[in-house]
Structure formats: C-alpha cells, structure tokens
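Convention: sequence-line order gives letters A, B, ...; per-chain numbering from 1. None of the values given here were measured: they were computed from a predicted structure.
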Amino acid sequence: MSATTAAATTDVAAAAGSPSTSSTTPPRRRSHLRKRLELLILIGPATVLFVAFVFLPLIAAGYYSLFDWNGFGPLVDFVGLDNYTKALGDPLFQGAIGHNLFIVVASLVVQLPLSIALALLLNGKIRGRTALRLLVFTPYVLSEAVTAVIWLSLLQPHGVVDGLLEGAGLGGLVQLWLADQNVVMFTLFAVITWKYIGFGIILFLAGLQGVPDELREAASIDGASGWQTTRLIVLPLLGPTIRIWIFLSIIGSLQLFDLVWIMTLGGPGGASTTMASYLIDRGFRRYEFGFGSAVAIILFVICFVFALFYQRFALRRDTQGAITGRVE
Amino acid sequence: MMNTRSIRKHVAVGAVAVMSIGALSACSGGDDSGDGTTELTFWHNGTADPLLGIWQDAVDEYEAENPDISIEVVPIQNEDFATKIPLALSSDNPPDIYFNQGGGLLATQAQSGQVADITDLTKDWIDGFGPAAANWQVDGAQYGIPYAMHVVGYWYRTDLFAQAGITAVPTTMEELDEAVDKLKAAGIPPIAVGGKDRWPDAFYYNAFALRECGEDVLKKGLADADLSDDCFTKAGQDVIDFIATEPFQDGFNGTPAQQGAGSSAGLVANGEVAMELQGTWDKSVMQGLTDTDLDPLLGWFPFPAIDGGEGDPSATVGGGDGFSCTQEHVEECVDFLHFLSSDDIQKKLVEASVATIPVNEAAAESITDPVVKSIYDFNTDAAYVQVYFDIALPTGVGSALNDAVANLFNGEGTATSVAEAVEAAR
C-alpha cells in the first residue's frame, strides 16, 4: 500500500534527478543506495510497528479462534470453525450486530445533518463564535470513560436528567434511561451524539474553509438565494469531508465499546450488547479466549470489508490512485 | 485533510485495539531494584476507605518491619479484576500478590502455571483458618489464603423499617412479602439490587436454591454443573415469582452494585431504599458511600425460610476474600499474607466491618457491634455455608449462570432457563 506509493514517488524523483548525474557512475549508484536508505528509514519503523502490533496479533487471534481455549496453557482442543458457527448462531451476538447497525444508521441520519447544520451556523459571522466552537468541541476532548461515568450518574433514576425534565414540566418524558430494554440504545445514542458531534463540526468547519468565497459571491451576484448557494455550491464542495466523516463514523459505530461497557455492561438483558462488549464479556468474563478471538475476527472482517469497499467505491474520487496505483 | 494512509492505519489500529483492550494496562512492576530490596506488587480491590486505608497502613507497617521489602500497592476496582487477571497471568510479569475469591475461578487461573502452590509454606499455620481456607485449594493444594469470610443476607435500615411499621425482621417469605408491602405503602422502595452487574441478581437464585434443595442434591448439582433436579427448577420459579411482587427499586436492571451513591449499596446507605440482599462486606461499602454513621441504622437478617423447601433454613451462601501469590516472590508473598492474618490487622478489618467473619478467631473477640456479632454467630451455627454458585462452578459456567439469572430479572426466561444455561456452558 503506502510502500508502492512511496516507491513510485522516489522513482519519479530519481528519474528526474538522473540526467544531471548521468556522466559518472558513482553518484548514480549513490543515489540508488540513497533511495533504498530513504525507503528503509521512512517505511521501516512503521512496518515494524504494523507487523508487531497489527499483523501478528491478527494472525494470532485467527489461530486462537480455531481452538477451545481458556487463555492459559497449550492450545490442544482444536475445534475448527465451531467458534464461528457458535458465535453467529448466538441470538445475543446477532442482537449485538443489530445494535451496532442501529448506531451506524442513527449516526448517519441524525449526526451528519446536525453536524453540517451546526458547522454552517458556526461558520457564519455570529457573536461569540470562538466560544461556541470551543463549547461544542469540549465533549470530544473528554475520554469515553469520563463521558460514560458522567452520564451514568446523570441518568440515574430520580437523577439530574429526570430532575431537569420534571423541572421543565416534561416529567412525562422521564424514562428508565439505562434500565429499560426498549430505551437503552436510544439513550446510548444520545450520549454518543453529545460526545462526537463536536468532532464532526470541527471537521466540517475545516472543510468549509476550502470553499472559496469567490464562488459564493459569484453565486449571489447571479441571484442565488442563501439556501441555493449552500445546496448547490457549498455542500458539493464539502463532499470529500462528508465522505471521510461517514467513513470514520461507521468504523467507530461498529467498534463501539467503552461507553457501553461502563454505562450498561451490555445490559439490561443484552439489550445494549455490541460486538465488542460481547467479545470482552465472553473472552474475559468466561475465560473463553478461543471463542472471543473468533468474535474479534468476525468484527475485524466486518470492519475491513466495509473499509475496502468504501475506499474502492466512495472515497476513490477523493484519493485517486492510492489503492489501484493508477492516477486517473 | 486526512490522507488514505492515516485512514487505513486508523482502521487497522482500531480493529486490533479492540482485540487487545487492556493488554497494555496490565503490565505490573515487581522488578527487583539494585539496592537489594525486593519489590512486590500488590493488587487488591479496596478502592475506597476503609479497606483502602487498612491495606495501605498494613503495607506501611510491614515495610517498616521488613526494610528489605518494598510493596507497590495497586488498588483496582473489583469488577476490573475479571479482565486484568487473565492478561496479567498470561504475561511474564504478573502481580506478586493478587485478590481473588478462590473457587472455580482460582482453579482456572492456576492452570496458567503462574499461581504459586503455597501448601508447604502455609502448612504450619493454615489450620488456624478452619474450613475457610478450603475454598483456596485446588486438588488439595493451597493456592491462596482468605483474609475475611462473608455470608449473604439482608442488610436493612432500621429507621425505614420502623417508619413502615415493621416490628420484627422477616423470617419467612410470607413475612418478607408483608414487609415489602408495608414499605411500599409507606412510599419507601423496599429492596435494592445492583442488576447491572448481574452477580447480585444471582444471589437470589443461590438463596432460593439453598432453601429448595437438600444439601446433598445441591452440592452434587454444583459439583457436576448439572442443575436439572426439580428443586433447582423450583428455585428458578421462586425467583420469577419474587420479581413479580415488584419489590425492587426503579430501574434496578441498570443499577450498579457497589460504585457510587446511585448504586444499590449507595441507595441503602443514603436511606433511599430499605434493604439489600448482599454479602456482609457490604456494610463497609455502604459506609464508604455516606457521611452518616451507619452503625445505629443498619440491621441484618438471613434469607428467609420458605414453605416446603428441602433445604435447612440455617444454611447460607457465602464465601471469602483472599489473596494468591505468583511464582517469582512466593516466600515474601506468603510471609506478607501471614502478616495480614495477624490479630492486629484482623481486628482492624473487623472494626471497619470489612470482615464480619474474620479468619483469625482471636479477632472475633473484638467484635463489639451487636449486629456484626449476630452475623458471626449465624455463620458459626449455620448448617453449612455454600460458596457463591458462580465461584463454585467453573468460570464460564458460573458466568453463564449469572447471565441467565439476570435475564430472569429482565423478564426473560423460565424456571428452567438457568439450568439450561449451565448445561449449555458446561
């Protein structure tokens, strides 16, 4: 991947540099050597890290997943793909996949329009803009664990949230936020939105800086209304940012763990179990590390396949040539 | 703007991060420094006072007496031991001393080869612990020792019981149901349970099974991980029937057991709910969650008897808290654990209600609180004390049992679903 790109770049550089040095052979050889050295220095450390902390654990997990293994001692009880069929056949895991998909879809439907709208608003010339930007970005800076603990206490029955709703005369809206199986996913989604909306806004604000003022001015001279300018000029130019946001959002939704684990432990009754919380619950609580590895591989494959397809079909126009090696 | 490389790295790193959560945080110290001091790492679950302070004081005292030993104290939230211990035991550098509750979980951990067999090192003094030490044995070998024993029963608020007009503690299920009704009538949520953590739910199944099953049937069922006897089905039905009387606080399925004022322990500590079925250690947890002195406000009674059950009403579920040693500094570790069972420290544990049932009998004399004394006597007179089912069973089976009982609390499952879950996990 990155190796090909970098190699191609250096080739071009070497080719461009060669005429001036072609009269004598030593410099040429030196540049060749230098090219290799550059490659080694630039790509080496990353490759080592990638192999040690990504590739090898992945292979190990794949291997463990073929055994019935409690995490200790030798791998002796080979069970083939049993762990996979057991996981995919478990209604609790099927539910977990459903919960992840709920977060994926809800994020796209709710967070995306909301972040763009707020970014457009904060991009305008309004009083206290910097303070507002800071405010919406603050939750994103908090760690997920801190966020989870804060909201866990706010959402206790008869807690702060219930009190605020009752104070506002909306006592009828009070729910068992984390204890009702029909409500808990919506509660979690609200907390996720609270936490990550700021990230989307900052991303889109950055994207909006890339929309030239001249285009808007030209559009308004041509008589376009504000809404038309936004819809026909600004949003299309924001396209690459939107596609990146969607990518990050979906991957994040598929891997959702910390908030769920701290706030509900996947409960009540599995109603907020995600693929990752199911993985940890089975692996660590039951000492079923072979089975947990199988779940991890399933989660990885889902994320990886999505990432590949998304890169190939959605991100391609933003990152031409990065995957196929072609520059179109 | 982000480029493809960093995105792809994000994907890959993210995917693997999920698989290796906690791996990095599980590292521990324990290296010997150059000056001849032996450094021990000590993982305990006393994240709040009084236990936090007691362990720190004990370590300070021990270090003063043993200048060649230095102990790094690492308090870890009780629920986090589930994830930290397996990682630590599969690493090259596990903690030298770590908290556990013995039983099937310790037996599984011992398979790592990292947990030290301390039979020989403890044989001169372990008899003083009586039957309590047996729960830390695997195949007859000692793999750890307890510092406190507990039984499970109801902690209740005497003030709220009085307010609801309850004059005597319930001794039968009918009386408990009546008490629940009276509390409800007085506008007091009757019983707190930490359903989020699941194991407190399981206490109900444990307790009912002890009342429905004869001792032999119960012990055989747990030994074989086979709960197909009728009495276990009755226990399952008892749980369902009891939940149907709606005795628990609002949102009990989302309530944590021990963490914070909103936990089931916190609700009782702050007088918002009248009682809780918990281990006897719970008093010290509750005291850590309120500034009010709970001594005059808390009472205790054992799980009530039920009509027609085969079990002895004086039998109880219980267990203990203890520590195990890993291989590297086993002698130093055992010496420290022996120190923890000394009269002095045991008395401190008793006085702080961390240990209602001390492992050192000498400390029992220092029990002054009449409520704690009644628990101590109840334990002494009990027909037998059954270790918590999830600890007694092999790890995976025990967790499956807890999950199945938690599902009953969520209105899912039948009288036989716990037995079925155990069967499936066996």
Options A/A179, A/G267, A/A206, A/G270, ranked by heavy-atom pairs under 4.5 Å with chain B, top entry: A/A179

statement: Looking only at A/G210, A/G269, A/G207, A/G266, the option with the highest number of non-hydrogen pairs under 4.5 Å against chain B is A/G269

message: I'd like to know whether the aromatic ring centres of B/W43 and B/F99 sit less than 6.0 Å apart in this structure.
response: no

message: Are B/F81 and B/Y98 an aromatic pair, judged by ring center distance below 6.0 Å?
response: no

Report which part of [X] has an atom under 4.5 Å of a heavy atom belonging to chain A: side chain, backbone, both, or neither.
X: B/Q249; value: neither
X: B/E412; value: side chain
X: B/L105; value: side chain
X: B/N407; value: side chain
X: B/D197; value: both
X: B/A400; value: both

Heavy-atom distances under 4.5 Å only: say whether [X] touches chain B with side chain, backbone, both or neither.
X: A/L152; value: side chain
X: A/D180; value: neither
X: A/I262; value: backbone
X: A/F289; value: side chain
X: A/M275; value: neither
X: A/S153; value: neither
X: A/P268; value: both

field: Test side chain to side chain contact (heavy atoms under 4.5 Å, CB included) applied to B/N100 and B/I85, step by step
entry: CA-CA 9 Å; B/N100 63 64; B/I85 292 300; over 6 Å; no

- request: Using a strict cut-off of less than 4.0 Å between a Lys/Arg side-chain nitrogen and an Asp/Glu carboxylate oxygen, indicate whether B/D403 and B/R198 qualify as a salt bridge.
  value: yes

message: Show, in sequence, the C-alpha distance, side-chain angles and deciding distance for A/E144 and A/Y196, and conclude whether the side chain to side chain contact (heavy atoms under 4.5 Å, CB included) test is met.
response: CA-CA 10 Å; A/E144 285 214 6; A/Y196 286 103; 2.3 Å; yes

- prompt: Within a radius of less than 6.0 Å around CD of B/E246, do more than 12 heavy atoms belonging to other residues, nucleotides or ligands occur?
  reply: no

query: Most heavy-atom pairs under 4.5 angstrom with chain A, which of B/G413, B/S399, B/G254?
result: B/S399

message: Going by side-chain hydrogen bond (donor to acceptor under 3.5 Å, both in side chains), name the residues that satisfy it together with B/Y204, two or more places apart in sequence or in a different chain.
response: B/Y154

- request: Evaluate the side-chain proximity of B/M275 to B/L183: yes if any heavy-atom separation is below 4.5 Å, no if none is.
  value: yes

field: Heavy-atom side-chain contact between A/R282 and A/V295 under 4.5 Å
entry: no

query: When you look at A/Y310 and A/R243, which way does the side chain to side chain contact (heavy atoms under 4.5 Å, CB included) test go after all the steps?
result: CA-CA 9 Å; A/Y310 196 80; A/R243 283 188 286 276; 3.8 Å; yes

